[in-house]
Amino acid sequence: VADSSYDRRHSSEFSLDQVIPGFAEAIRQMDVGDRTRFWIPPDLGYGDQGTVGIDPGSLLIFDIELISIE
């Protein structure tokens, strides 16, 4: 687990232009109130470079609940 808003007990808020392409694409497919799991391949995630705490070439798995859109 690289990050968990459930563990922090506080939801995350961000702009879609601030996240990896696969996450932004997943969110755009959701409606407010939806809960789902997305698998994001490396080419839509952090690719061959990785990032802090995420190895290069990693498949990313997100459990997402879309609470609101501002």
Side-chain angles (χ1 to χ4, degrees):
V1 175
D3 184 31
S4 173
S5 58
Y6 288 110
D7 290 347
R8 287 192 317 269
R9 297 177 187 232
H10 187 272
S11 61
S12 298
E13 185 175 316
F14 48 83
S15 173
L16 291 182
D17 64 355
Q18 298 173 322
V19 298
I20 56 173
F23 193 90
E25 183 178 324
I27 293 291
R28 287 185 183 105
Q29 296 177 34
M30 296 178 71
D31 293 319
V32 171
D34 285 353
R35 292 177 128 180
T36 193
R37 176 173 282 178
F38 287 102
W39 291 264
I40 299 177
D43 60 318
L44 293 175
Y46 295 103
D48 293 332
Q49 68 274 8
T51 191
V52 176
I54 300 174
D55 292 334
S58 291
L59 171 71
L60 304 175
I61 303 170
F62 289 94
D63 289 319
I64 303 169
E65 178 180 4
L66 184 59
I67 297 170
S68 68
I69 298 173
E70 294 184 18

- Item | A24 to L16 - nearest heavy-atom pair and separation | CB-O, 3.8 Å

- Q49, CD: over 12 other non-hydrogen atoms inside 6.0 angstrom: yes

- Task: Locate the shortest heavy-atom distance separating I40 from G22; write the atom from each residue and the value.
- Result: CD1-C, 3.4 Å

- Item | Non-hydrogen atoms of G45 and P21 that approach each other most closely | O-CD, 4.5 Å

- Query: Does one hydrophobic cluster hold both V19 and L44, with members joined at side-chain heavy-atom distances below 4.5 Å?
  - Reply: yes

- Message: What's the separation between atom CG in D43 and atom CG in D48, rounded to the nearest 0.5 Å?
- Response: 9.5 Å

- Task: Give, for atom OG1 of T51 and atom CD1 of I54, the distance between the pair rounded to the nearest 0.5 Å.
- Result: 6.0 Å

- Message: Please tell me whether I69 and F14 are part of a single hydrophobic cluster in this structure, the criterion being side-chain heavy atoms less than 4.5 Å apart.
- Response: yes

- Query: Minimum heavy-atom separation for S4 to D7, with atom names?
  - Reply: OG-N, 3.0 Å

- Task: Consider only side-chain heavy atoms of I, L, V, M, F, W and Y, link residues closer than 4.5 Å, and tell whether F38 and L59 are in one cluster.
- Result: no

- Note on the structure: One should read off an interatomic distance between F23 CZ and I64 CD1, to the nearest 0.5 angstrom, of 4.0 Å

- Message: Just verifying a value: how many Å separate L66 CG and R35 CZ, rounded to the nearest 0.5 Å?
- Response: 12.0 Å

- Of all the heavy-atom pairs spanning P42 and G57, show the shortest one and how long it is. CG-O, 3.2 Å

- Item | The single option from T36, I20, I27 passing side chain to side chain contact (heavy atoms under 4.5 Å, CB included) against F62 | I20

- Message: Please check if the number of heavy atoms outside R9 that lie under 6.0 Å from its CZ is greater than 12.
- Response: no

